[in-house]
Q: 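Sharing a structure with you now.
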Amino acid sequence: MDKSLFFQRQFFNTLRTFCTVVVEGSFSNAALELKTSQPAVSLQIQSLEKYLDVILFERKGPKICITPDGRALYEMAMPALSTIEALPDQFLSSRGELQHGDLTLVGGETALLNILPPYLKLFSTRYPNINLIIHSTLTQTIPEIILSNKADFAIGSLFEENDELLYSPIFKFPSLLIMPHNHPLAELETITLRDIAAYTLIMPPEYSYSWWSINQVFKNNNIECPSQLTVSSSEAVKRYVREGLGVAIIMSAGEINYNDLLAVPMSRYFPHRDYGLIQRRGKFLSPQARKFKELLLSNEIQLPKAKLLHTPVVPSLS
DNA sequence: TGCTCGCTCCGCGATGTTAC
DNA sequence: GTAACATCGCGGAGCGAGCA
């Protein structure tokens, strides 16, 4: 194969195909993602392997498995591809023309409703021609979305450590027990887990971060989880507590307005909830994404009831 | 300088192969 | 049997050489 020809015509596309296969974990899914056919993906990977004289994927029948060589290439290629793809916007930015392009964000419903709006409002005022694309998703699906490059970054919490993701916590919300003012628990000086377990617990959506954490705390303390009433949204949690159907543990930004309820700090048992910025490790952020990140980390906007986890640091753009 | 022809590359659908 | 990758054959597009 003529190497110079390979570089000129194919190398960029082939590398992009290769990285998509790594992210998708399948030739077929990569073909769908790239809007091409599976044979085309297969042939591109073969040509790349032939050119580099290495095996990038072990073929185990219908399954593929990335080799150490493939992993090493991916680690090198992905940042390079991101850089090249961001080049047009970066060029415009260098000329002081950060006025166009897309900014794609993803987050859980709570973050999108209670954290992002003031930041989006300020950002769209400053950069009115940048298209803001906001996707709502479940907290546990955020890593998959970010790793597949479907968004610039996410706003939310991470369930667990992930070597491929970079998490920068920004906001901290203390855990609270909320109940009506006339609830029997309001009479107690000190409220324990066992006291709470005697009442119905209004729970956030099943398998959400808060749902998972609350159950974990009862399990870790060897206390049988109280009877639960699980509702589909954080707004519904507050409504059900107001109606006297039970009490609730609040661990998120979603319940920052609870003046008509009694709120008791429960940080003795339940962890605080932090929200932050989640991005793929090594990803080259577009200029508009970096501007938005800079705004999030600044102290230009103060969320009600939110406590900054650390002194904001404005990253250098150089 | 512009047109034509033939070579090469690339992608597609169909089909084969393999592992579960 | 099913799902996913590999291979085959075909057609379209791009490019360069040759010619008027």
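Within every chain, numbering begins at 1; the chains are lettered A, B, ... in the order of the sequence lines, protein sequences first and strands thereafter.
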Q: Starting at CZ of F27(A) and ending at C1' of dG11(B), how long is that distance when rounded to a whole Å?
A: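 Those two atoms, CZ and C1', are 16 Å apart.
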
Q: Are S28(A) and dA3(C) close enough that a side-chain N or O sits under 4.0 Å from OP1 or OP2?
A: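 The answer is no; no side-chain N or O of S28(A) sits under 4.0 Å from OP1 or OP2.
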
Q: At less than 4.0 Å, is any side-chain N or O atom of S42(A) found next to OP1 or OP2 of dA6(C)? Yes or no.
A: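 Affirmative; the distance criterion is met.
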
Q: How long is the line joining CZ of R16(A) and P of dG11(B), in whole Å?
A: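 About 11 Å, once rounded to whole Å.
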
Q: Please state how far atom CD in Q44(A) lies from atom C1' in dA6(C), giving the value in whole angstrom units.
A: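 These atoms are roughly 15 Å apart.
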
Q: T230(A): what forms a side-chain hydrogen bond (donor to acceptor under 3.5 Å, both in side chains) with it, not counting sequence neighbours?
A: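 Expected list: none.
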
Q: Excluding sequence neighbours, so at least two apart, what forms side-chain hydrogen bond (donor to acceptor under 3.5 Å, both in side chains) with S28(A)?
A: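 With sequence neighbours excluded, S28(A) shows a side-chain hydrogen bond (donor to acceptor under 3.5 Å, both in side chains) to no residue whatsoever.
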
Q: When the distance from CD1 of I64(A) to P of dC20(B) is rounded to whole Å, what number comes out?
A: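 The distance from CD1 of I64(A) to P of dC20(B) comes to 15 Å, rounded to the nearest Å.
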
Q: Counting just side-chain N and O atoms, does Q46(A) come under 4.0 Å of either OP1 or OP2 of dT7(C)?
A: yes

Q: Closer than 4.0 angstrom, basic N to acidic O: yes or no for E294(A) and R290(A)?
A: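 Here E294(A) does not pair with R290(A) in a salt bridge, since their nearest N and O are not under 4.0 Å apart.
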
Q: Anything under 3.5 Å between a donor and an acceptor, one on a side chain of residues 184-192 of chain A, the other on a protein residue two or more places apart or in another chain? List them.
A:
unit_1	atom_1	unit_2	atom_2	d
T192(A)	OG1	R194(A)	N	3.4
T192(A)	OG1	D195(A)	N	3.2
T192(A)	OG1	D195(A)	OD2	3.0

Q: Using the side-chain hydrogen bond (donor to acceptor under 3.5 Å, both in side chains) criterion, which residues pair with Y167(A)? Sequence neighbours excluded.
A: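 Applying side-chain hydrogen bond (donor to acceptor under 3.5 Å, both in side chains) to Y167(A) gives D274(A).
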
Q: For residues 28-49 of chain A, which residue pairs qualify under ring-ring contact (aromatic ring centres under 6.0 Å, His included), counting only residues two or more places apart or in two chains?
A: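 Counting only pairs at least two positions apart or across chains, no ring-ring contact (aromatic ring centres under 6.0 Å, His included) contact touches residues 28-49 of chain A.
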
Q: Expressed in angstrom and rounded to an integer, what is the separation of I45(A) atom CD1 from dA4(C) atom P?
A: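 Nearest whole value for this atom pair: 17 Å.
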
Q: If you restrict it to nitrogen or oxygen atoms, what contacts under 3.5 Å exist between nucleotides 8-11 of chain C and the protein, and what is each distance?
A:
none

Q: Roughly, in whole Å, what's the span from CD in E49(A) to C1' in dA6(C)?
A: 12 Å

Q: Less than 3.5 Å between a donor and an acceptor, one on the side chain of Q38(A) and one on the base of dA6(C), is that the case here?
A: yes

